[in-house]
Undergrad: 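Let me begin by handing over the structure; questions about it come next.
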Amino acid sequence: QVQVVESGGGLVQAGGSLRLSCAASGSIKSINAMGWYRQAPGKQRELVAIITIGGITKYADSVKGRFTISRDNAKNTVQLQMNSLKPEDTAVYSCAAETVFPTFKYWGQGTQVTVSS
């Protein structure tokens, strides 16, 4: 139905920047938001940032002021610009295309972000 593909992960030193990209394709007419989540080894997955088709954004407190989420609805893509990266940002970052009524998330495969000190 819906396919989600992430790209842009990698290795960066503390204080550096990375930009993640996510593209959704398929039966996407029911998608109302796209978000970025992350999961470190042995830890629970957490919401990093999310953006609705109307441009409303929400960020985790830990990344607010450092990360920026944006989207191109025409291309069904979303980007996460990550600045001032910290070692604690190290995780697998996954993109989700989200529906409402009913609620559902289509997940990408994840991309590794590693921040060295």
Undergrad: Are Glu46 and Arg38 close enough that some pair of their side-chain heavy atoms sits under 4.5 Å apart?
TA: yes
Undergrad: Are any non-hydrogen side-chain atoms of Tyr106 and Ile28 less than 4.5 angstrom apart?
TA: no
Undergrad: Do Ile53 and Ile31 come close enough that some side-chain heavy atom pair is under 4.5 Å?
TA: no
Undergrad: Go through the structure and list residues passing ring-ring contact (aromatic ring centres under 6.0 Å, His included) with Phe67, not counting sequence neighbours.
TA: none
Undergrad: Between the side chain of Glu6 and the main-chain N/O of Gln109, is any donor-acceptor distance below 3.5 Å?
TA: yes
Undergrad: Tell me, please, which residues at least two apart from Gln44 pass side chain to side chain contact (heavy atoms under 4.5 Å, CB included).
TA: none
Undergrad: Do Val113 and Leu20 come close enough that some side-chain heavy atom pair is under 4.5 Å?
TA: yes
Undergrad: With distance as the sole test, does Thr77 use its side chain to make a donor-acceptor pair with the main-chain N or O of Ala23 at under 3.5 Å?
TA: no
Undergrad: Does any non-hydrogen side-chain atom of Trp36 lie less than 4.5 Å from one of Met82?
TA: no
Undergrad: With disulfide (SG to SG under 2.5 Å) as the rule and sequence neighbours excluded, what pairs involving residues 56-92 come up?
TA: none
Undergrad: I want to check something: taking the side chain as every heavy atom from C-beta on, are Ser30 and Gln1 in contact at a cut-off of under 4.5 Å?
TA: no
Undergrad: Val115 and side chain to side chain contact (heavy atoms under 4.5 Å, CB included): which single residue from Asp89, Leu11, Leu18 fits?
TA: Asp89
